[in-house]
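Here the structure comes first, spelled out in structure tokens, and everything after it is commentary.
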Amino acid sequence: MPELAEVEFYRRRWWAAGARQTVNAAEANSRSRVYRSLAREFPGGVRVLAKTLTGAKLADSATHGKQMWFVFKTPHQTKQFLWLGVHLGMTGSMHAEPVDYLAQKHDALILSLARRTLVFNDPRQFGRVRAWRGPMGERPPWLQNLPNEILSRGFTAEFVSKVLQRHARAPLKAVLLNQKYFPGIGNWMADEILWRAALHPALPSGRAADLPTAKKLHAAIQKVAHDALCVIAGVGGKLPPDLNVHIPDTWLFNHRWEDGGLCPKTKKPLRRAEIGGRTTCWSPARQKLLN
DNA sequence: CACGATGTTCCCTG
DNA sequence: CCAGGGAACATCGT
């Protein structure tokens with residue numbers, strides 16, 4: 001499920017339940033593929049991770065695009081902190097459960113706190129857990145040299161134009177999904193953005209690289225990201241109880257999932273096809289390939 | 001039974 | 001080396 005806003009939702013859910021709390025017990029299912037790269041990056045692998053988390057106190061957390069991380073203060077080593085990175089892949093989810101929670105089938109990580117149990121579950125195991133230990137002020141290698149977040153000042157229409165030029169022959173849809181440039185944008189957000197900007201998902205990016213068009217795309221990217229964070233993650237307000245939040249019918253979102261949908265703006269039929277390797281939905285009446 | 005799924009990475013080709 | 005396309009990864013639900 002997870003794109004920008006869903007990732008932030010899950011981070012807030014763990015943070016709301018676990019901020020400044022101590023981990024009494026940590027259970028990591030080492031058979032889960034989400035730990036496939038852990039041993040390479042964190043000496044001792046899953047075993048040492050669980051041991052290090054035990055007794056640690058959750059001190060900080062953040063997201064960047066589809067990545068999120070939690071920083072723990074470890075006891076007895078005042079200057080040492082543990083970074084726990086979580087990527088949710090395609091089916092990852094995070095929960096705050098009662099203390100008597102019983103482990104479920106695809107639980108990869110379970111942290112027992114005094115009043116709640118934090119759970120990371122991922123059936124398809126395309127997600128990933130990473131870890132790193134070091135002093136506060138330093139950062140794990142996998143959090144260095146990150147691209148500008150799409151809602152940051154550094155993310156400009158000029159940058160969008162450059163990216164579209166560089167990948168001139170790739171369809172817009174494929175370029176928007178590239179996390180190197182647009183961290184956090186996933187399949188439904190890309191469709192929502194292109195629909196808002198009235199750009200055809202199969203349009204070769206080079207033909208949208210002129211500054212006026214790049215500006216239009218840039219504005220749609222920021223608008224969709226901002227609105228999604230408010231509605232789905234409750235940013236600026238209360239954390240929603242789950243992801244079953246009401247999405248306005250004025251978005252493409254509610255109409256894109258199956259054949260037969262109607263464009264909320266034109267009321268004409270939507271189309272669905274594979275573009276850029278992913279199922280894509282667009283409004284032919286609004287998003288023209290030739291102009 | 002077959003198909004597809006809100007993601008990333010690796011491999012191949014041009 | 002670069003850009004782009006396709007398969008692979010693993011499981012569940014329609």
Side-chain angles (χ1 to χ4, degrees), chain A residues 1-11 13 29-38 40-41 63-68 85-94 104-108 120-130 142 146-147 150 162-195 201-209 221 224-225 227-229 231-233 240 242-245 247 251-261 272-282:
Chain A
M1 311 178 104
E3 303 182 20
L4 184 81
E6 291 90 355
V7 170
E8 173 63 2
F9 166 79
Y10 284 127
R11 183 199 67 81
R13 175 183 264 180
N29 174 7
S30 61
R31 285 148 306 174
S32 175
R33 194 170 169 270
V34 302
Y35 297 107
R36 60 194 172 281
S37 62
L38 187 69
R40 183 159 30 86
E41 301 170 339
T63 65
H64 183 106
K66 294 175 191 168
Q67 305 197 62
M68 79 177 94
V86 180
H87 192 294
L88 297 169
M90 196 83 103
T91 54
S93 61
M94 303 176 71
Q104 307 279 300
K105 186 164 185 191
H106 295 291
D107 287 351
F120 168 43
N121 178 284
D122 185 5
R124 232 168 132 183
Q125 302 165 60
F126 290 178
R128 187 207 297 244
V129 171
R130 14 180 53 155
W142 33 274
L146 296 175
I150 58 182
K162 289 265 167 47
V163 169
L164 298 182
Q165 268 169 251
R166 176 161 178 180
H167 297 276
R169 303 182 63 174
L172 280 175
K173 173 71 182 265
V175 174
L176 274 182
L177 290 174
N178 191 332
Q179 301 300 295
K180 219 164 46 174
Y181 309 118
F182 308 109
I185 294 182
N187 201 31
W188 79 254
M189 278 185 78
D191 285 359
E192 192 78 35
I193 288 162
L194 292 168
W195 174 76
L203 186 72
S205 297
R207 286 170 49 194
I221 289 169
V224 169
D227 289 358
L229 282 169
V231 172
I232 293 169
D242 52 53
L243 286 177
N244 299 320
V245 289
I247 306 288
W251 296 24
L252 177 65
F253 188 93
N254 289 339
H255 313 273
R256 69 175 297 281
W257 304 102
E258 36 194 65
D259 293 341
R272 284 155 46 86
E274 181 169 308
I275 298 175
R278 309 297 299 280
T279 298
T280 299
C281 179
W282 74 98

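Chain A is the first sequence line, chain B the second, and so forth, proteins listed ahead of strands; every chain is numbered from 1.
- Spacing between atom CG of D122(A) and atom C1' of dG7(B) amounts to 10 Å, rounded to whole angstrom units.
- Using a 4.0 Å heavy-atom criterion, one finds that K180(A) contacts no nucleic acid atom at all.
- In this structure, M68(A) and L88(A) have side chains that are in contact, with non-hydrogen atoms separated by less than 4.5 Å.
- W282(A) is linked by a ring pair (Phe, Tyr, Trp, His ring centres under 6.0 Å) to H200(A), counting only residues two or more places apart in sequence or in another chain.
- Look at F126(A) and the base of dT8(B); the rings do not stack under the cut-offs of 5.5 Å between centres and 30° between planes.
- Among the protein residues, P171(A) comes within range of the sugar-phosphate backbone only, with heavy atoms under 4.0 Å from sugar or phosphate atoms but none that close to a base.
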Here DNA chain C, pairs taken as Watson-Crick or G-U under 3.5 Å and shown with ( ), [ ] when crossing and | when to another strand, reads .||||||||.||||
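- Side-chain nitrogen and oxygen atoms of R124(A) include none within less than 4.0 Å of the OP1 or OP2 phosphate oxygen of dA5(B).
- Comparing R166(A) and R33(A), the nucleotide of DNA chain C nearest to each residue sits closer to the 5' end for R166(A).
- Separating the CE atom of M90(A) from the C1' atom of dA7(C) is a distance of 13 Å, rounded to the nearest angstrom.
- The side chain of T91(A) places no N or O atom within less than 4.0 Å of a non-bridging phosphate oxygen (OP1 or OP2) of dA10(C).
- You'll find the side chain of L229(A) reaches within 4.5 Å of the side chain of L4(A), heavy atoms only.
- Per the geometry, OH belonging to Y35(A) stands 17 Å off P belonging to dA10(C), to the nearest Å.
- Side-chain nitrogen and oxygen atoms of Q125(A) include at least one within less than 4.0 Å of the OP1 or OP2 phosphate oxygen of dT11(C).
- At a threshold of 4.0 angstrom between heavy atoms, the contacts of A168(A) are confined to the sugar-phosphate backbone, with no base atom among them.
- For the residue pair G127(A) and R36(A), the shortest heavy atom distance occurs at O-NH1, 2.8 Å.
- Using a 4.5 Å heavy-atom cutoff, the side chains of H106(A) and N121(A) are in contact.
- dT9(B) and dC12(C): their P atoms are spaced 24 Å apart (whole Å).
- Of the candidate nucleotides dC12(C), dG4(C), dA5(B), dG4(C) has the atom nearest to the side chain of R169(A).
- Distance, W142(A) CH2 to dT8(B) C1': 17 Å, rounded to whole Å.
- Dashed line: the shortest gap from a side-chain N or O of K105(A) to OP1 or OP2 of dC12(C) is under 4.0 Å.
- Closest of all the heavy-atom pairs between I275(A) and P171(A) is CG2-CB, 4.1 Å.
- One N or O on the side chain of R13(A) and one on the backbone of M94(A) form a donor-acceptor pair closer than 3.5 Å.
- Here the P atom of nucleotide dA5(B) and the CD1 atom of I275(A) are 13 Å apart, to the nearest Å.
- Counting to the nearest Å, the C1' atom of dA5(B) and the CE atom of M189(A) are 19 Å from each other.
- Nearest to the side chain of R128(A), among dT11(C), dG4(C), dT9(B), sits dT9(B).
- For the pair D107(A) CG and dT11(C) P, the interatomic distance rounds to 14 Å; values are reported in whole Å.
- Between H167(A) and dC2(C) there is no side-chain polar atom (N or O) within less than 4.0 angstrom of OP1 or OP2.
- Closest approach of L177(A) and N187(A) over heavy atoms only: CD2-N, 3.7 Å.
- OP1 and OP2 of dG4(B) both lie 4.0 Å or more from every side-chain N or O belonging to R278(A).
- Atom NE2 of H87(A) and atom C1' of dT9(B) are 11 Å apart (whole Å).
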